Colleague: 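Could you have a look at this structure, given as C-alpha cells, before my questions?
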Amino acid sequence: MASENIFSGLKVVDLASFIAGPSAAVILSDFGADVIKVEPPTGDSWRRGHKLPPQPRANDAYPWHLANRNKRGLALDLKSPSAQQVLERLVKWADVLIVNTPHPARKRLKLEYEDVVEWNPRLIYADLTGFGEKGPDANLPGFDITSYWARSGLLSMTRDAGAPPTWPVAGSGDNATAVGLYSAIVTALYRRERIGKGSYVTTSLLAEGVWSASVFIQAALCEAKFFGLHNRKDPANAALNVYRASDGTWFVLIVTPDKLSAVAKAIGRPDLLTDPRFSDPAKLVQNMPQLTAILDEIFGSQPMPYWYEVFNGVHVTFGAVRGPQEVIEDPQLRLNDIVVPLEGAGGKLTTTISSPMQVHGVAKRPAKRAPELGEHNEEVLAQLGFSASEIDGLLASGVVSKAKQNPGNGGRLGSSGPTTAGGVAELVTSPGGTEASTSNSMEKRNPL
C-alpha cells in the first residue's frame, strides 16, 4: 500500500521563470509539496511558449502545464515597495524558495539570500544562474541553448562532421538542470534535518551542461586525443554507429567486443570476423569505411522489425531513432508511469510527463493542471495571515493582480495575460530574458 507522499507538508515558493527552476518545483510537487507559483502581473512568459517557434504550435498551453502542474498561483508585482510585506510572509511560510532572477535585479528587489534569510533561518534558498555566481560572465543572461549547450561544448559535439551546430530540443538542458537543482534542494533538506539550519544552494546551466559533457570535458582536461566530429560513413568505430533499415528507420547500434561474434553470425556474415581487412586491429582502423559500407548494405536489406528480433536474439544494445509522434505510442511510457494522466487542463491536454524518478511504495501526487494567472491570490494571502481588508488593499493597489479567469477556454492558459504578438516578440527579442526595461515584476535569468 502506498504511503503518504514524501514531501507532504513541505512548503515551496517558486519565484523562478520559464523551465529549469519551475520544473525543480514540479518534482517536489509530484511527491506532495505545496508549491506557490509567484508570477509578475503580466504572467510568466512561458505561458506563451506554445506560440513561439520552434516549439510545436498548439491551442493548449502544454509547456506551461508541464512546468507548473500541481501549483497554486499568486500574481505579485515585486517592483512595488508594498510587495515586501507579501514577500516577507511568503519567506516565513516557506521551507524552500526557488529564484532565477539575475543578481543585479535581485539586489534591487531585495531578493538576495542575505535579504531574506533573516526572516527564516531554516529556509532552503535555491539559486539558479546561467553561468555561475562568480567570474566575468556571472551576470550574463542565459538560455539553456547558450549556457547549457553552447558554452559547455555539448553543441559542438552533437553534430556530423562538416555540419553547422544545430538547434537542440527546447528545454532539454533546462529539464536536466531541474533535476540537478532538485537534488541540491533535497541535499539541503537532509542537512537541515541533521543540523537544524537552512542552506543557500545553487547550480547553473553551465555547470549542468559541463556535467552532461563531462566524459569529453574530462578528456580535454587530461589532453586526450580526440577522434573529431561524427562521420557515420567513416566512424571511429563501425560497431558503435548509426545505420538505416530498409523501411527508412535509423537505429543506433552498440556492439561491444564480447558480442562481435554473435552479431556477425546473427546477421549472416561470420566471414567478417576472419576478413583480413578487419581481423587485424591496425587494418580495421584503416578499413572502417569499408566495414561501414558492408554493414550499411546488410542493414538496408531488411526492415526495423526484422532487426529488432535479430538484435534481441543476441542481447545486443540498439535503439531505433523515434520522432515525438512515435515516442508517445511506446508502451514503455505508460507501463512505467513516464506518461501519466493530467487532470483539469481541458482541451487535448489529458496526459503529461511525470518527473523521471520513482520511489517504490510511494505514490506520486496525481498530476493536476497549472494555475491560471493569480488564480489563488486570495487563498494564499489569507493563508499568509492577511486580513480581508488587507487583501482588498493589496488587490486595489495592484501589488497583487486580480486573478484572470478564462472559463471554457479548454485549459488554454496562453489566454491568461498577454497573448498578442508583443508577448511573443518579448521572447524573441530578449533571448536572455533579463530585459532591463521589461514591465514584468521579476526580471528573468534563465528562461529556457
Side-chain angles (χ1 to χ4, degrees), residues 10-19 21-23 25-26 28-30 32-51 59-78 80 82-83 86-87 89-90 93-94 96-98 341-347 349-350 352 365-388 390-419 423 439-442 444:
L10 187 74
K11 294 170 286 189
V12 180
V13 174
D14 174 13
L15 282 172
S17 57
F18 283 82
I19 303 176
S23 293
V26 160
L28 292 167
S29 81
D30 281 348
D34 180 3
V35 182
I36 296 174
K37 170 73 178 185
V38 181
E39 300 176 76
T42 53
D44 186 330
S45 291
W46 197 229
R47 284 183 178 274
R48 278 98 64 195
H50 59 301
K51 297 183 180 294
N59 290 324
D60 303 307
Y62 61 90
W64 174 251
H65 285 283
L66 182 61
N68 292 283
R69 65 170 175 264
N70 296 340
K71 301 178 185 179
R72 294 187 287 162
L74 175 67
L76 177 65
D77 183 1
L78 283 175
S80 169
S82 300
V86 180
L87 179 62
R89 295 202 194 184
L90 282 168
W93 173 83
V96 179
L97 180 70
I98 302 175
L342 176 64
E343 298 176 19
L349 283 168
T350 58
T352 191
R365 183 184 193 177
K368 295 184 179 179
R369 67 170 178 87
E372 298 275 9
L373 180 59
E375 179 178 347
H376 303 96
N377 285 344
E378 296 184 38
E379 174 188 313
V380 169
L381 291 171
Q383 186 176 3
L384 295 177
F386 288 97
S387 67
E390 288 173 322
I391 293 172
D392 289 341
L394 290 168
L395 290 168
S397 68
V399 176
V400 176
S401 301
K402 293 183 179 179
K404 296 184 179 179
Q405 299 293 338
N406 296 281
N409 72 349
R412 292 181 278 276
L413 293 178
S415 58
S416 309
T419 57
S439 61
N440 286 358
S441 63
M442 287 182 288
K444 298 171 286 295

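The structure displayed is predicted, hence computed values, not measured ones.
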Colleague: Main chain of G73, side chain of H376: is a donor-acceptor contact present, judged purely on distance under 3.5 Å?
Modeller: yes
Colleague: Rounded to the nearest 0.5 Å, what's the gap from CD on Q383 to CD1 on I36? Could you check?
Modeller: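 The CD atom of Q383 sits 6.0 Å away from the CD1 atom of I36.
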Colleague: Give, for atom CG of L87 and atom OG of S80, the distance between the pair rounded to the nearest 0.5 Å.
Modeller: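 It comes to 11.5 Å.
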Colleague: At what distance, to the nearest 0.5 angstrom, does CD of E378 lie from NZ of K402?
Modeller: 9.5 Å
Colleague: Do N70 and V26 have side chains that approach each other closer than 4.5 Å (heavy atoms only, starting at C-beta)?
Modeller: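 Result no, sub-4.5 Å side-chain heavy-atom pair not found.
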Colleague: Say whether, by atom type as modelled, one donor and one acceptor occur between the side chain of R89 and the main chain of G385 under 3.5 angstrom.
Modeller: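 Checking the backbone N and O of G385 against the side chain of R89, a donor-acceptor pair under 3.5 Å is found.
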Colleague: Is any side-chain heavy atom of W46 closer than 4.5 Å to one of L66?
Modeller: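 The answer is no; the side chains never approach within 4.5 Å.
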Colleague: Would you say that more than 12 heavy atoms from the other residues, nucleotides or ligands in this model lie under 6.0 Å from the NZ of K368, or not?
Modeller: no
Colleague: Please report the closest heavy-atom contact between W64 and P371, naming both atoms and the distance.
Modeller: NE1-O, 3.3 Å
Colleague: Between V399 and L76, is a side chain to side chain contact (heavy atoms under 4.5 Å, CB included) present by the stated rule, with each step listed?
Modeller: CA-CA 6 Å; V399 176; L76 177 65; 3.8 Å; yes
Colleague: Would you compute the distance between atom OG1 of T352 and atom NE2 of H65 and round it to the nearest 0.5 angstrom?
Modeller: 9.0 Å
Colleague: Under a 4.5 Å cut-off applied to non-hydrogen side-chain atoms, are V12 and D34 in contact?
Modeller: no
Colleague: How far apart are the closest heavy atoms of V380 and R72, and which atoms are they?
Modeller: CG2-NH1, 4.0 Å
Colleague: Any side-chain heavy atom of D14 within less than 4.5 Å of one from N68?
Modeller: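 D14 vs N68: side chains touch.
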Colleague: Which heavy atom of A403 sits nearest to which heavy atom of G374, and what is that distance?
Modeller: CB-O, 3.1 Å
Colleague: How long is the gap from NZ on K71 to CD on E375, to the nearest 0.5 Å?
Modeller: 14.0 Å
Colleague: Could you pull out the closest heavy-atom pair between P341 and A367, with the gap in Å?
Modeller: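 Shortest heavy-atom separation between P341 and A367 comes out as O-CB, 3.5 Å.
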Colleague: If I compare all heavy atoms of D44 with all of A16, which pair ends up nearest, and what's the gap?
Modeller: OD2-O, 4.1 Å
Colleague: Just so I know, are the side chains of V35 and I98 near enough to count as touching, which here means a heavy-atom distance under 4.5 Å?
Modeller: no
Colleague: Hey, what do you get for OG (S17) to CZ (R47), rounding to the nearest 0.5 Å?
Modeller: 13.0 Å
Colleague: Distance-only, no hydrogens or angles: does the N377 side chain make a donor-acceptor pair with backbone N or O of A75 under 3.5 Å?
Modeller: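 Indeed, once roles are kept as given, a pair shorter than 3.5 Å links the two residues.
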Colleague: For P22 and K37, work out which heavy atoms get closest and say how close.
Modeller: CG-NZ, 3.6 Å
Colleague: Side chains of L15 and L78, heavy atoms from C-beta outward: is any pair under 4.5 Å?
Modeller: yes
Colleague: If only atom types and distance count, is the side chain of D60 paired as donor or acceptor with the main-chain N or O of Y62 below 3.5 Å?
Modeller: no
